[in-house]
Amino acid sequence: MATRMSGLFGRTLREAPAEAETANHQLLLRAGLVVQLAAGVYSYMPLAWRSLRKIETIIRDEMDRAGAQELLMPAIQPVELWQESGRLDAFGETMFRFRDRRDREQLLAPTHEEAVTDLFRNTVQSYRDLPQRVYQIQNKFRDEARPRGGLIRVRQFLMKDAYSFDADEPAFQDSYDAMAQAYVNVFQRAGVPITRVQADSGAIGGKSSHEFMFLTAIGEDTIALCRNCDYAANQERAEFGRGLAPVEEPAALEPVETPGLTTIDALAHFLEIPASRTAKAGMFLADGRPVFAVIRGDLDFNELKIANTVDAHEIRAMTNDEISAQGWVAGYASPIGLDAKLTDATVVADISIPNAPNLVAGGNRTDLHLRHTNYGRDWQAAHVADIGLARDGDPCPTQPDGTPCPGAIALDRGIELGHIFRLGTVFSEPLSAHFTDADGEQQLPIMGSYGIGVERLLAAVIEQNHDDQGIIWPAAVAPYDVHIVVIGFDKPEIAAAVAQTEAALEAAGLSVLTDDRDERPGVKFNDADLLGMPVRLTLSPRNLKADVVELKARTAAEADTVATAGLLARLADILHTPQPSDAPAS
RNA sequence: CGGGGCGUAGCGCAGUCCGGUAGCGCACUUGACUGGGGGUCAAGAGGCCGUCGGUUCAAAUCCGACCGCCCCGACCA
């Protein structure tokens with residue numbers, strides 16, 4: 001049955017509520033697609049739900065093609081399960097927790113690695129049962145510190161999460177590649193351009209990951225992209241070239257008085273040297289432990305990289321008091337002599353440091369620096385690692401295939417729509433999920449985890465596909481295929497023609513939204529533009545008399561008339577949606 | 001959690017500085033006119049001014065506490 005707008009639950013707004021800033025958020029509210037209940041908690045009205053179900057259908061189709069089976073796991077889970085994996089602390093406050101009537105601690109699952117691994121250990125015993133790929137589309141719960149951006153960061157949301165279990169690395173790679181291809185297909189079919197980037201794997205653990213980013217100025221993630229090659233990474237983990245170090249013989253250490261010069265800029269200016277000839281010190285607390293980090297003066301620290309280097313969850317810069325408590329001097333801290341000061345700090349040097357000779361570093365005394373410090377001769381770090389923050393213009397690290405690239409990094413903003421992880425055995429091991437291999441030995445399955453934010457994808461569809469008038473739904477995810485604007489619905493012959501047209505369209509498999517309201521034509525046309533179905537048909541006495549219907553694709557500038565007889569063919573032409581890709585299923 | 005902003009009718013806002021019992025536009029209801037890009041006229045309905053407490057003869061307005069929402073940051077599988 002066609003939906004009649006006179007009875008549609010939900011309505012359009014002429015003005016967007018003040019809390020909406022981005023185009024997609026404003027349109028979601030103005031079109032009456034979503035209604036907010038609390039911070040980061042939304043209802044999806046009938047139009048939005050139809051679109052979300054279409055997105056889900058695409059996802060299911062591609063998941064099935066990638067060899068995954070749909071199931072549904074519990075949202076309520078006992079805390080014990082998460083103690084078993086050791087992830088309770090990693091999620092911390094983000095987890096919604098409660099006690100049941102028997103005083104058992106429960107939680108609302110933010111993700112399902114634990115649950116699926118538990119399922120696996122209860123279900124699979126033999127390598128003959130591998131590989132396994134499963135997925136679900138399910139509400140996730142995360143008590144985000146700051147929900148924001150409409151549907152972009154919410155506290156209850158639909159997620160498609162998939163998990164793979166494989167007997168060995170090559171088999172895992174097949175699963176990973178199948179999922180990656182499925183993701184490319186999903187986003188392409190939904191009408192959202194995506195960029196696949198290397199990502200940090202965060203609290204979920206695991207060895208490596210890729211994010212599927214929708215590049216947009218309103219994105220909350222920063223992406224480093226090479227202007228020349230295909231290199232793309234989240235700034236959190238983006239690598240970059242440090243350039244060629246000058247070739248110099250190490251010179252003798254030389255104190256230099258530097259009164260009041262506590263910044264690299266001031267120091268470099270005073271000494272008339274480039275910032276790259278200085279060493280920048282950074283003092284951090286990583287899971288409460290002191291870390292002394294050193295990087296070339298012209299570069300910035302990437303705190304996440306530092307945390308990963310010292311295997312910490314949380315990291316922050318020390319306060320001046322904390323620095324003093326370590327016996328260091330803020331602004332003049334030096335990596336030299338840290339051992340002698342009996343510090344328990346972990347010293348980490350950026351990869352820019354060992355090759356850079358004769359750097360000016362702090363003297364660990366107010367108003368004193370040291371010239372000609374040399375790594376190896378004057379000091380050593382526990383870790384030499386990439387702890388630099390990729391910035392606009394930095395040299396591209398290398399092309400994905402390993403060949404050198406002369407390009408430079410550009411920074412862009414993006415929204416993470418999907419994330420795929422290599423988990424390895426980080427869940428199968430603590431949860432004791434085993435299978436028996438062909439030799440009768442117990443083995444741990446190699447796992448993968450694959451997520452898509454369903455409403456986030458909806459928001460991205462709208463952000464990507466709209467104009468000043470409203471949404472421009474891609475046919476594949478539009479709530480309805482056709483929006484019929486009726487002029488003169490009170491006239492019996494018009495009402496009859498409408499019913500006839502609706503029936504004909506639906507017989508052809510099209511979904512129809514009919515604006516039968518007693519509104520002025522202008523109101524209806526504006527609402528049709530706002531709601532943004534791919535095709536608008538106008539039925540009016542004028543057109544009926546001429547035995548035509550007026551047809552306007554949402555993307556077209558002007559409407560034109562079509563003989564009634566040729567209508568279905570024309571619609572099929574416009575609504576032809578991208579078919580499931582021809583890529584192999586795995 | 002730090003910084004900032006905002007809570008007055010379904011939506012957008014004024015009124016708050018300077019206390020006197022609430023208003024505008026859109027939307028909604030009824031009627032008439034109108035009828036192809038958000039119409040006109042007329043008559044209506046709708047508000048515990050976020051909550052609680054205080055000051056005062058009197059509080060949307062002043063004071064205090066709390067709650068909620070938005071933005072920036074921290075955080076973010």
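Residue numbers start from 1 in every chain, and the chains themselves are labelled A, B, ... in the order their sequence lines are given, proteins ahead of strands.
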Which heavy atom of Ala478(A) sits nearest a heavy atom of Pro534(A), and at what distance?
CB-CD, 3.5 Å
Quick one: closest heavy-atom pair of Thr538(A) and Arg536(A), and the distance?
OG1-NE, 3.7 Å
Check whether any side-chain heavy atom of [X] sits under 4.5 Å from a side-chain heavy atom of [Y], and report yes or no.
| X | Y | value |
| --- | --- | --- |
| Met447(A) | Asp166(A) | no |
| Gln132(A) | Gln69(A) | yes |
| Val348(A) | Ile387(A) | yes |

Given atom [atom1] of [X] and atom [atom2] of [N], what is their separation to the nearest angstrom?
| X | N | atom1 | atom2 | value |
| --- | --- | --- | --- | --- |
| Lys524(A) | G35(B) | NZ | P | 16 Å |
| His419(A) | C76(B) | NE2 | P | 13 Å |
| Asp221(A) | C76(B) | CG | C1' | 8 Å |
| Glu519(A) | U34(B) | CD | P | 18 Å |
| Glu314(A) | C1(B) | CD | P | 15 Å |
| Ile415(A) | C76(B) | CD1 | P | 19 Å |
| Arg520(A) | G37(B) | CZ | C1' | 10 Å |
| Lys491(A) | U34(B) | NZ | P | 12 Å |

Using the [atom1] atom as the reference point in each nucleotide, state the distance between [N] and [M] in Å, no decimals.
| N | M | atom1 | value |
| --- | --- | --- | --- |
| C17(B) | G35(B) | C1' | 49 Å |
| C26(B) | G39(B) | C1' | 14 Å |
| A60(B) | C52(B) | C1' | 16 Å |
| G25(B) | A65(B) | C1' | 36 Å |
| C49(B) | C62(B) | P | 15 Å |
| C6(B) | C11(B) | C1' | 16 Å |
| G4(B) | C48(B) | C1' | 30 Å |
| C18(B) | A74(B) | C1' | 41 Å |

Tell me the partner of [N], counting only Watson-Crick (N1-N3 plus N6-O4 or O6-N4) or G-U wobble (N1-O2 and O6-N3) with both under 3.5 Å; none if nothing fits.
| N | result |
| --- | --- |
| C33(B) | G39(B) |
| U61(B) | none |
| C75(B) | none |
| A14(B) | none |
| C69(B) | G5(B) |
| G44(B) | C28(B) |

For [X], answer base if it contacts any base atom (sugar-phosphate contacts may also be present), sugar-phosphate if it contacts only those atoms, and nothing otherwise; contact means non-hydrogen atoms under 4.0 Å.
| X | result |
| --- | --- |
| Pro17(A) | sugar-phosphate |
| Asn234(A) | nothing |
| Asp518(A) | base |

I'd like to know if Arg316(A) and Glu303(A) make a salt bridge, using a cut-off of under 4.0 Å between side-chain N and carboxylate O.
no
Go through the N and O atoms of the side chain of Glu15(A) and the base of G25(B), and report whether any donor-acceptor pair is under 3.5 Å.
yes
May I ask you to verify whether the side chain of Arg517(A) and the base of G35(B) hold a donor-acceptor pair under 3.5 Å?
no
Just by distance, with hydrogens left out, do [X] and [Y] show a side-chain donor and acceptor under 3.5 Å apart?
| X | Y | result |
| --- | --- | --- |
| Asn234(A) | Glu211(A) | yes |
| His210(A) | Tyr183(A) | no |
| Thr94(A) | Asp143(A) | no |

For the aromatic rings, using the six-membered ring if either is Trp, is the centroid distance between Phe284(A) and Phe301(A) under 6.0 Å?
yes
Is the distance between the ring centroids of Trp473(A) and Tyr480(A) less than 6.0 Å?
no
Choosing from U34(B), A27(B), G12(B), which nucleotide comes nearest the side chain of Arg11(A)?
A27(B)
First encountered from the 5' end of RNA chain B, between Arg456(A) and Phe525(A):
Phe525(A)
Check RNA chain B against residues 156-166 of chain A and give the residues with a non-hydrogen atom under 4.0 Å, in numerical order.
Phe157(A), Met159(A)
Pairs under 3.5 angstrom, nitrogen or oxygen only, protein versus nucleotides 65-75 of chain B, please.
unit_1: C69(B); atom_1: OP1; unit_2: Ala39(A); atom_2: N; d: 2.7
unit_1: C70(B); atom_1: OP1; unit_2: Gln36(A); atom_2: NE2; d: 3.0
unit_1: C71(B); atom_1: OP1; unit_2: Gly149(A); atom_2: N; d: 3.2
unit_1: C72(B); atom_1: OP2; unit_2: Arg146(A); atom_2: NH1; d: 3.2
unit_1: C72(B); atom_1: OP2; unit_2: Arg146(A); atom_2: NH2; d: 2.8
unit_1: C72(B); atom_1: N4; unit_2: Arg146(A); atom_2: NE; d: 3.4
unit_1: C75(B); atom_1: N3; unit_2: Arg148(A); atom_2: NH2; d: 3.3
unit_1: C75(B); atom_1: N4; unit_2: Arg148(A); atom_2: NH2; d: 3.0

Is there a side-chain contact (heavy atoms from CB on, under 4.5 Å) between Ile223(A) and Arg413(A) once you walk through the steps?
CA-CA 6 Å; Ile223(A) 312 303; Arg413(A) 304 285 285 178; over 6 Å; no
